[in-house]
2 protein chains.
Amino acid sequence: MTSSRPEQPRGTGRGKRVTIADIARRAGVTSAAVSLAVNGRPGVSDATRERILEIARELRWEPSHAARALAGAPVKTVGMVLARPAEVLGAEAFFGAFVAGLQEVLSAADYSLQMKIVESTEAEIDTYRRWFGQRRVDGVVLVDLRLQDPRIGALEELGQPALVVGGPGHHGSLPSVYVDDAEATRLIVEHLAELGHTRIARVAGTAEFLHTMQRNTTFRRLGEELGLECVQQDAGFGAAGAARATAEVLRLPAPPTAIVFDSDEMALAGAAVLRSCEVPIPEGVAVVSYEDSPLTRGHTPPITAIRRSAVEYGRAAATRMLEVIDAAAGRRTAATGDPGTSAEARVIEPQLAVRASTDPSLGGTTGADLAAGLDAS
Amino acid sequence: MTSSRPEQPRGTGRGKRVTIADIARRAGVTSAAVSLAVNGRPGVSDATRERILEIARELRWEPSHAARALAGAPVKTVGMVLARPAEVLGAEAFFGAFVAGLQEVLSAADYSLQMKIVESTEAEIDTYRRWFGQRRVDGVVLVDLRLQDPRIGALEELGQPALVVGGPGHHGSLPSVYVDDAEATRLIVEHLAELGHTRIARVAGTAEFLHTMQRNTTFRRLGEELGLECVQQDAGFGAAGAARATAEVLRLPAPPTAIVFDSDEMALAGAAVLRSCEVPIPEGVAVVSYEDSPLTRGHTPPITAIRRSAVEYGRAAATRMLEVIDAAAGRRTAATGDPGTSAEARVIEPQLAVRASTDPSLGGTTGADLAAGLDAS
DNA sequence: CTGAAAGCGCTTACAG
DNA sequence: CTGAAAGCGCTTACAG
């Protein structure tokens with residue numbers, strides 16, 4: 001072996017990376033042919049395509065993500081910005097489950113999820129701008145939809161493919177997926193009415209979120225329709241507000257016989273207040289939560305809750321997001337119509353899990369029941 | 001205005017992107033000078049640097065991530081592969097909180113987290129290989145450490161900067177952060193011993209995880225040291241096994257007066273069994289969980305638990321991961337020692353949150369207490 | 001169907 | 001301190 005120093009092309013020195021050039025050399029073709037072959041595009045004969053793929057496999061070639069992106073290919077990444085403190089996110093069962101569902105579908109399609117935690121809505125919009133400028137994501141998932149949400153306009157202006165989680169309405173020209181909160185409210189109120197309740201209170205979360213508004217409206221309307229006494233008590237965010245609001249409605253001249261809470265966390269805080277006031281659940285006051293979780297299932301008694309499986313919600317969002325991205329990509333190449341990017345909203349139908357906190361006949365739980373409930377989550 | 005068609009350099013057509021070439025033209029310098037200026041590197045005078053930065057700002061230039069990566073710069077991304085089903089991840093309070101903590105620190109450093117859910121350990125290792133080949137991540141965070149973990153060797157061989165979450169030991173030459181489970185076990189057992197318990201059972205989770213082993217060993221050792229009757233019951237994964245195991249220890253000739261569970265989910269299932277057997281907590285049997293969460297805090301009675309704040313754990317892991325990445329980058333450029341990548345392990349000290357499930361004097365909780373507890377999570 | 005080339009936007013030696 | 005050039009690894013028209 002002669003030391004062929006001057007002949008040897010010197011790379012950066014690490015020299016391990018296999019590139020399409022290596023494959024091309026071995027196959028006796030040009031790197032363009034390799035590109036066509038590995039991307040399943042026409043332009044090479046089946047025989048050479050086979051040979052090229054074989055060599056690529058042999059050499060354990062991996063496409064350079066950066067190079068592909070630089071050449072204009074999709075970056076296979078979905079972005080999600082969260083404008084909430086880590087502690088708040090961490091305390092929410094919803095977040096982890098939603099992310100897990102997103103991840104599952106995105107991972108299977110070889111997409112990755114890029115998340116970022118920011119301090120404010122301005123910082124969130126700024127992140128969208130930068131991501132767009134850097135071409136860092138193919139699409140973004142927008143969560144925590146509000147009324148008059150400034151993020152919608154910003155994304156529209158940018159022309160960034162995006163999916164809104166929330167609705168209906170208020171998502172501008174962007175597509176959306178959302179849980180039908182009107183239907184959820186109907187399920188709850190009708191369930192309570194069937195059990196004979198006529199005075200129902202709703203302890204409501206932050207009014208700035210769209211779904212809260214939705215619930216407020218439907219709750220009021222259904223009360224009128226069914227001839228029930230429906231009162232609403234605003235509690236703002238979190239457990240402390242819910243505890244206060246619960247105490248408040250208990251002091252009403254004619255206290256409710258059922259209370260509906262906007263989240264599992266709130267329902268638990270409310271239930272604790274009932275316990276401390278020695279009001280039995282459900283005999284004294286029935287309790288319902290808009291959010292199901294291990295918290296509601298594990299409570300004593302287990303709490304009747306809207307089941308919308310956050311994991312499933314995440315899967316639905318990811319699936320729709322990928323459609324939107326595909327449609328946007330298709331529109332760029334083929335100049336066809338764009339069915340996927342339209343402002344179509346997709347609805348997820350909620351269900352009501354009836355438990356002992358409203359139905360006395362479902363009395364005692366055994367450990368086995370509980371275990372089964374948790375496993376089935 | 002004359003239509004200068006032939007003069008106009010035709011790009012891909014979208015033509016919106018601002019590049020360093022645009023800045024260079026405006027500043028009357030070469031693009032190399034712009035690169036040096038925006039990266040704060042020597043090679044340009046302060047005056048021209050200022051001018052360049054000014055123009056970059058004016059033009060709202062954003063560096064192309066792909067181009068930087070292709071040219072060898074860090075991709076500013078940390079990867080994490082999860083070999084568990086989405087449903088399982090979603091049901092765990094730990095996951096969401098840990099991710100939120102990771103995100104917070106990574107986001108602040110302008111890093112992003114890339115996650116992927118896979119089916120098996122082999123698929124996980126394969127993902128590491130591909131990410132490494134694609135140069136898609138600067139480092140990876142390895143979770144769910146096992147004994148004889150094949151992932152450790154794979155990452156070492158790859159030379160991929162990585163951080164192991166778990167320990168002590170069994171992380172090969174890779175750095176690690178972990179919660180001191182021996183200390184946690186000591187806290188629990190001593191707390192119970194002080195309350196006068198002499199027969200303590202431990203309902204243990206999956207034995208393949210390292211931390212389970214760690215707890216097993218320490219539990220046994222402490223029992224001997226303190227002269228306690230310590231029995232261990234293996235329950236495998238999840239709530240169903242824990243319920244079975246709890247029933248099992250209750251049938252012992254001399255049943256324990258305290259049971260320690262490996263997770264919040266397991267503790268809840270165990271508590272439900274106790275309830276169904278009409279064993280009061282803590283008077284009949286005291287209950288402790290190795291994992292704190294809204295589940296343990298919200299239980300009736302609230303459950304004494306090891307507090308290790310999953311959010312904080314995530315933050316610690318992210319901080320260490322960034323150190324490791326910096327050290328690896330430094331080692332490549334400056335040929336100094338590499339203090340950051342060493343197999344150093346960093347310990348997180350656990351605390352015990354004592355609640356009514358062990359201490360009868362902490363009896364009734366009010367809604368306000370609960371609210372405060374949840375907020376402080 | 002195949003080859004040679006330009007281009008994506010940056011970084012990094014290497015001369016002046 | 002500055003300029004001109006090569007290179008990162010791929011994709012995409014555009015000729016043959």
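Note: hydrogens, waters and symmetry copies are ignored here, and every other heavy atom, side chains too, is used. Every chain is numbered from 1 and lettered A, B, ... according to where its sequence line falls, protein lines coming before strand lines.
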Give the dot-bracket line for DNA chain D from 5' end to 3' end: parentheses for intra-strand Watson-Crick or G-U pairs under 3.5 Å, square brackets for crossings, | for inter-strand pairing, dots for unpaired. |||.||||||||.|||
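The CZ atom of B:R135 sits 14 Å away from the C1' atom of D:dG7 (whole-angstrom rounding).
A:P161 and A:A328 make their closest contact through CG-CB, 3.7 Å (heavy atoms, listed as atom of the first residue, atom of the second, distance).
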Heavy-atom contacts, protein to nucleotides 9-16 of chain D, under 4.0 Å, summarised as B (base), S (sugar-phosphate only) or - (none) per nt, yield BBBB----
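Salt-bridge formation is detected for the pair A:E323/A:R346: a Lys NZ or Arg NE/NH1/NH2 atom is positioned less than 4.0 Å from an Asp or Glu carboxylate oxygen.
Under the 3.5 Å distance criterion, the side-chain polar atoms of A:D149 are matched with a main-chain donor or acceptor of A:R151. Side-chain atoms of B:R315 never come within 3.5 Å of backbone atoms of B:G101 as a donor-acceptor pair (strictly under, hydrogens ignored).
Inter-residue side-chain proximity for A:V18 and A:E62 is flagged as unmet; no heavy-atom pair is nearer than 4.5 Å. Between B:V177 and B:Y313 the shortest side-chain heavy-atom distance falls below 4.5 Å. At least one side-chain heavy atom of A:V78 sits less than 4.5 Å from a side-chain heavy atom of A:I325. For the pair A:W61/A:D22, no side-chain contact is recorded, criterion being any heavy-atom separation below 4.5 Å from C-beta on.
When heavy atoms are screened at a 4.0 angstrom cut-off, A:T30 is found touching base atoms of the nucleic acid.
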